[in-house]
Amino acid sequence: MTHSALKKVEFIANKALKENNKVQHIKTLLYESKYALILEEDAQLAIANKFKKRIAESASPEKNILQNLLANLYWQYFQQNRYRFYDRTPLATKDSDDFRTWDLETLFREIDTLFRASLENSQTLQAVDLNSIKELLVLPKDTKTHHPTLFDFLSHKALDFYKTDENSIAQPAYKFELDKPKYLSITETFIKLNLVSKDSTSIQLQALKIYQNLLRSQVKNASPKVAAQTNIERLKFVRQYAGFNNPDSLYFETLQAEKNILSNSATSVLYDFEIAQLYFKQGQQYNSNSEENRWKLKKALTLCSQIIQNAPDSITAKNAGLLKSQIEQASLQLMTENYIPTQQASRILVTYKNIPSLEFRIYEFNKSKEERLSKIYRQEEQLDFIQTLKLHKRWTAHLPNEGDYQQHSTEIVVPELPPSMYLVLAKQDDTTFAFKTIQATAIGLVTTSTPKGYIYQAVDRTNGHPLSKAKVTITYQKDYKKQELTVSLITDALGKVYFKKTGDYLHNIQLKITHNKETAYFNGGNLYKSYDQKE
């Protein structure tokens, strides 16, 4: 399929060349570069050579576009074949024009050279409106809004390479690093910085320079929204790779300063949303040992509400709505003891977020129903099944509401229960619920592992006295076979039964213990094969 499509593209390319149709010819090269990544390697080399030939014959802006496309072809080839390059020994010189044979440093140097060349003649590129060449490039949605000129578009394509964290180019002793707080300064200060370094190969330095040139152009010629979007990208990039202390704090200060400069204009919501995201990240780091970040989620929520109110029809408002929903989302977890004493109140630990109250229900339960429930995976179907069970008790518990949108925990008293299995359901609504199974029983089990097998001891859960003459039914599976095997035993005067190892692997061991008309179920672990041991 790819080969046939490529032949059609080559036909169009030859026709465009004869007719001197530059737009169509560049477009065919673009499609050929996409096919190059999935074709045999000889075709990849041939397409790269076509780019080089056309670049040599072209002038700006066509030349800039082709240089940018060829750089991207090399960059994408590396991303799909990085294992080959990392295994190669660096060469003193580029000994071939075949990019597939280059070492890593040579490839990155060539990509860097092409991207830099593609951004030359910046005034010419800035004069080319992206709408005027929409037939030439395959543009994602909103590209023309965010990158109004050809210079913007090519710059951001180059930034995809320069913002990478690949440490592929040789690192000199004077390596450039993002170690100065001034790189996180406001736009007006940043575009005036003198960005120089002895490390001319640094891709991070080149990224800063591209951002600087973009912002200089956009502050003069583009809308405030375009400049703000580029500036936010720059701030995020510096913050991510910052080599100085407290980048988050300085990042926050710069966002606030940029917002204040815009004086609550429609564009200021872009900075509001970044601040809200920072509050959200800090709020997620809250723990009960420190109050520092406790109220950050509430601050983020307030900002999101302001954004939605001030710019209701914007993409930023849509994103703020999603973040607001995430902050307000309810969550619920239950933790209980698997076994509780009979006819005694017990406790259940509730971990929750954004839930003012819960309805608790205790249902009668048994092993067969537990097995059926374990095979249901959809939440709504689980709830439907649970609500068909026989209800034993119901009550409502009001939970402490701190108003900080953080996760909290509290203990809820479970009323006295007679001996049996139960399912405890905590429910806010049909989408927010949690459940746990418990057994109210006076029977306890002590398991002791020995070289020859397991000793299971049935005891009274409240005082530890052994339960003699208790009936113990052990079911298990042998050597990964699904068939269940059963053995029945009676406890001795010490409440013990002995389950010996055999020459087989016994797994999924389950115990059913009955004493004085009460039955309890326990997990008995696994038993590995026995081996003769020499002294």
Side-chain angles (χ1 to χ4, degrees), residues 287-288 329-402 406-447 458-462 475 508-514 518-526:
N287 63 70
S288 56
Q329 186 176 20
S331 67
L332 177 64
Q333 292 178 323
L334 302 181
M335 185 178 293
T336 64
E337 295 287 347
N338 292 328
Y339 305 93
I340 60 173
T342 59
Q343 304 301 350
Q344 292 184 31
S346 60
R347 296 179 185 274
I348 185 168
L349 180 68
V350 180
T351 302
Y352 64 98
K353 183 168 83 79
N354 300 331
I355 298 177
S357 64
L358 285 171
E359 180 187 8
F360 282 87
R361 299 178 187 178
I362 298 180
Y363 293 97
E364 295 180 8
F365 208 46
N366 57 41
K367 275 295 181 181
S368 64
K369 291 174 182 175
E370 183 180 48
E371 186 176 350
R372 284 178 60 191
L373 180 59
S374 70
K375 295 177 181 177
I376 301 174
Y377 302 105
R378 292 169 60 91
Q379 269 200 328
E380 59 269 27
E381 292 177 5
Q382 288 177 337
L383 185 61
D384 288 343
F385 174 78
I386 290 169
Q387 292 180 149
T388 64
L389 303 174
K390 184 177 180 181
L391 184 65
H392 182 78
K393 284 185 182 294
R394 169 191 279 174
W395 75 98
T396 298
H398 295 282
L399 306 178
N401 183 10
E402 305 289 345
Q406 296 287 353
Q407 184 171 275
H408 294 282
S409 295
T410 189
E411 288 186 329
I412 301 296
V413 175
V414 177
E416 301 174 357
L417 295 170
S420 188
M421 281 186 72
Y422 299 93
L423 184 144
V424 181
L425 173 71
K427 178 173 174 283
Q428 183 191 36
D429 51 44
D430 287 351
T431 59
T432 305
F433 63 90
F435 58 88
K436 294 287 287 186
T437 57
I438 59 174
Q439 288 189 64
T441 177
I443 300 172
L445 178 69
V446 180
T447 303
V459 298
D460 186 300
R461 178 171 296 278
T462 56
T475 60
N508 194 25
I509 300 172
Q510 302 292 324
L511 285 81
K512 174 183 175 183
I513 302 178
T514 303
E518 182 183 333
T519 299
Y521 298 87
F522 302 91
N523 182 359
N526 301 311

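Everything numeric here is computed off the predicted structure, so don't read it as measured data.
One finds the CD atom of Q510 at 5.0 Å from the CG atom of N523 (value rounded to the nearest 0.5 Å). Here the CD atom belonging to Q406 is positioned 9.5 Å from the CG atom belonging to N287, to the nearest 0.5 angstrom. The distance from the CG atom of L423 to the CD atom of E364 is 12.0 Å, given to the nearest 0.5 Å. Rounded to the nearest 0.5 Å, atoms NE2 (H398) and CG (L358) are 10.5 Å apart. Remark: R347 CZ to T410 OG1 distance equals 9.0 Å, nearest 0.5 Å. The structure places NE2 of H408 at 12.0 Å from CD1 of I355, a figure rounded to the nearest 0.5 Å.
Closest of all the heavy-atom pairs between A345 and E416 is N-CG, 3.7 Å. The two residues V424 and I348 make their nearest non-hydrogen contact at CG1-CD1, 4.0 Å. The nearest pair of heavy atoms linking A426 to L332 is O-CD2, 3.5 Å.
A side-chain donor-acceptor contact under 3.5 Å links T388 to the backbone of F385. Remark: the backbone N or O of A520 is not paired with any side-chain donor or acceptor of Q439 at under 3.5 angstrom. A donor-acceptor pair under 3.5 Å is absent between the side-chain atoms of K512 and the main chain of T519, judged by distance alone. Judged by distance alone, the side chain of N526 and the main-chain N or O of N508 form a donor-acceptor pair under 3.5 Å. A donor-acceptor pair is defined here as one N or O able to donate and one able to accept, closer than 3.5 Å; such a pair exists between the side chain of E518 and the backbone of A442.
Partners of S346 according to the side chain to side chain contact (heavy atoms under 4.5 Å, CB included) rule, which considers only residues two or more places apart in sequence or in another chain, are I340, V414. For R378, the side chain to side chain contact (heavy atoms under 4.5 Å, CB included) partners are E380, E381, not counting sequence neighbours.
Contact of the L389 side chain with the L425 side chain is not registered, since no non-hydrogen atoms from C-beta on lie closer than 4.5 Å. Proximity of P418 to H392: side-chain heavy atoms (C-beta onward) are separated by under 4.5 Å at one or more points. Between T336 and L349, every side-chain heavy-atom pair lies at or beyond the 4.5 Å cut-off. Looking at E337 and I438, their side chains never come closer than 4.5 Å, going by heavy atoms from C-beta outward. Between S409 and Q333, the closest side-chain pair of non-hydrogen atoms is not below 4.5 Å. Residues F435 and Q382 have side chains in contact (heavy-atom distance under 4.5 Å, counting atoms from C-beta outward). The side-chain heavy atoms of Q344 and T462, taken from C-beta on, include a pair separated by under 4.5 Å. Side-chain contact check for I376 versus D384: every heavy-atom pair is 4.5 Å or farther apart.
A salt bridge links E371 with K375: the distance from a Lys NZ or Arg NE/NH1/NH2 to an Asp or Glu carboxylate oxygen falls below 4.0 Å.
Within the structure, every pair that satisfies the ring pair (Phe, Tyr, Trp, His ring centres under 6.0 Å) test and touches residues 339-371, not counting sequence neighbours, is listed here: Y339-F522, F360-W395.
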Could you go step by step and tell me if M335 and K436 meet the side-chain contact (heavy atoms from CB on, under 4.5 Å) rule?
CA-CA 7 Å; M335 185 178 293; K436 294 287 287 186; 5.8 Å; no
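Annotation: Q387, atom CD; neighbour count of heavy atoms from other residues, nucleotides and ligands within 6.0 Å is above 12.
With respect to R461, the side chain to side chain contact (heavy atoms under 4.5 Å, CB included) criterion is satisfied by exactly one of L445, T441, T342: T441.
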